[in-house]
Protein chains: 2
Amino acid sequence: MKKYNIPVEAALEVIGGKWKVVILCHLIKDRRRTGELKRLMPGITQKMLTQQLRELEDDGVILREVYNQVPPRVEYSLTDYGWSLKGILDSLCAWGEQHIEKTYPNKEDVLVQTEELV
Amino acid sequence: MKKYNIPVEAALEVIGGKWKVVILCHLIKDRRRTGELKRLMPGITQKMLTQQLRELEDDGVILREVYNQVPPRVEYSLTDYGWSLKGILDSLCAWGEQHIEKTYPNKEDVLVQTEELV
DNA sequence: TAATGTAGGCACTTTTAAGTAACAATTACG
DNA sequence: CGTAATTGTTACTTAAAAGTGCCTACATTA
């Protein structure tokens, strides 16, 4: 069984890694289907997306809903437990914004325009 | 120059990875010297510790102070900018605690007793 | 004189994370 | 009948993160 030295490590195991926080930040705004998430995250590969979504699902923070259609339609959303991360995610997003502003004079240089993709 | 799709990625670049949040959680309680941090984080190697501390220093969230002594004495502490992460770190720690409680019936099984090390 | 304690560097190896590419399933549509 | 659309799997490869072992410096202390 996994051992932690301090409790925060347990949180990192759930939302750690390169993609999970980003995925959750999108799902906090809206439920999304797979293809939408892929478009919102131009860098991610199909494999990584599926893998991260599975792990988040296993940890109980997101819900995967399959609609019986062809072509298939799968939607992801936060569970109640996932919503308990809202405070953290909001703070992280806000901190990231002001960090960019602090670090780069004009954030247009570092921020890819994604709004259009939403 | 690094490009982000959403601002939160900038935050992850500063506090992402396996160790940085843990380091910051310790420094938020107290300033620490290198050896203390190493004892508080039994899993970390000297190399990783130094490396992560350097990066945190470069990002302006921690301060490295060298005392001119032999054997050397180096102390790390949060900068003002580092303190702006307090909300996030506190929330993460709290979430980790309740996640352990939710996930494991008795947390003694997963939490290594570190209190004695402090 | 030789060992101790502290912080850290460096070269190298291993492990883990992430990326690539090809393929499956299914039905509507032209 | 062949193709597009959507989600996902699998085997393989590459890149990044982390770990290992050995080395330095130097005043103090035994």
Side-chain angles (χ1 to χ4, degrees), chain A residues 2-6 8-9 11-24 26-27 30-59 62-77 117-118, chain B residues 2-6 8-9 12-24 26-27 30-59 62-77 117:
Chain A
K2 188 91 178 75
K3 292 274 183 181
Y4 305 111
N5 291 297
I6 54 172
V8 76
E9 293 175 345
L12 295 178
E13 198 154 78
V14 176
I15 65 167
K18 190 176 172 182
W19 297 111
K20 287 180 181 174
V21 166
V22 177
I23 292 173
L24 293 174
H26 286 302
L27 292 183
D30 237 323
R31 60 169 32 228
R32 294 288 186 186
R33 44 190 305 196
T34 315
E36 289 180 305
L37 286 173
K38 224 179 338 186
R39 251 172 284 122
L40 289 167
M41 297 184 279
I44 203 169
T45 59
Q46 169 76 56
K47 178 195 140 185
M48 282 311 290
L49 180 57
T50 312
Q51 183 180 308
Q52 304 296 299
L53 288 170
R54 287 290 173 286
E55 293 179 11
L56 289 170
E57 195 191 357
D58 290 345
D59 283 323
I62 69 171
L63 177 69
R64 178 173 184 263
E65 287 175 286
V66 185
Y67 296 79
N68 200 25
Q69 302 177 1
V70 169
R73 172 188 191 83
V74 178
E75 283 191 6
Y76 295 93
S77 56
L117 298 170
V118 181
Chain B
K2 189 90 178 76
K3 292 273 183 182
Y4 306 111
N5 291 296
I6 53 172
V8 76
E9 292 175 345
L12 295 178
E13 198 155 80
V14 176
I15 64 167
K18 190 175 170 183
W19 297 112
K20 288 179 181 174
V21 165
V22 177
I23 292 173
L24 293 174
H26 285 303
L27 292 183
D30 238 322
R31 59 171 30 228
R32 296 286 188 188
R33 46 191 305 198
T34 316
E36 289 180 304
L37 286 173
K38 224 176 343 184
R39 252 172 283 121
L40 288 167
M41 299 184 280
I44 204 170
T45 59
Q46 168 76 56
K47 179 194 143 186
M48 282 312 291
L49 179 57
T50 311
Q51 183 180 306
Q52 303 295 300
L53 288 169
R54 286 292 173 284
E55 293 180 11
L56 288 170
E57 195 192 356
D58 290 344
D59 283 322
I62 68 170
L63 178 69
R64 177 172 186 266
E65 287 174 286
V66 184
Y67 296 79
N68 201 24
Q69 302 178 358
V70 170
R73 172 186 192 85
V74 179
E75 283 190 4
Y76 295 94
S77 55
L117 298 171

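What you see is a predicted model; the values in this text were computed from it and never measured.
The interatomic distance linking B:L12 (CG) with C:dA17 (P) rounds to 16 Å, in whole Å. What separates CG of B:N68 from P of D:dA25 is a distance of 17 Å, to the nearest Å. One interatomic measurement links the two molecules: CD1 of A:I23 to P of C:dA18, which rounds to 11 Å at whole-angstrom precision. Distance CD (A:E13) to P (C:dA17): 10 Å, rounded to an integer number of Å.
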Contacts table for residues 47-56 of chain A: side-chain donor-acceptor under 3.5 angstrom, sequence neighbours left out:
from  : atom 1 : to    : atom 2 : distance (Å)
A:T50 : OG1    : A:Q46 : O      : 2.9
A:T50 : OG1    : A:Q46 : NE2    : 3.0
A:E55 : OE1    : A:K20 : NZ     : 2.6

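Considering B:R33, B:E65, B:R32, B:R64 in turn, B:R64 is the only one that fulfils the side chain to side chain contact (heavy atoms under 4.5 Å, CB included) rule with B:Y76.
Listed by chain and number, the residues in a salt bridge (charged side-chain N to carboxylate O under 4.0 Å, His left out) with B:E75 are B:R31, B:R73 (sequence neighbours excluded).
The two residues B:W19 and B:M41 make their nearest non-hydrogen contact at CE3-SD, 4.4 Å.
Within the model, atoms CD1 of A:I44 and NZ of A:K18 stand 9.0 Å from one another, a figure rounded to the nearest 0.5 Å.
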Expected string for nucleotides 6-19 of chain D under the B/S/- scheme (protein heavy atoms, under 4.0 Å, primed atoms plus P, OP1, OP2 as sugar-phosphate) is BSBB-B------BB

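The closest donor-acceptor contact from the side chain of A:E9 to the backbone of A:N5 lies under 3.5 Å.
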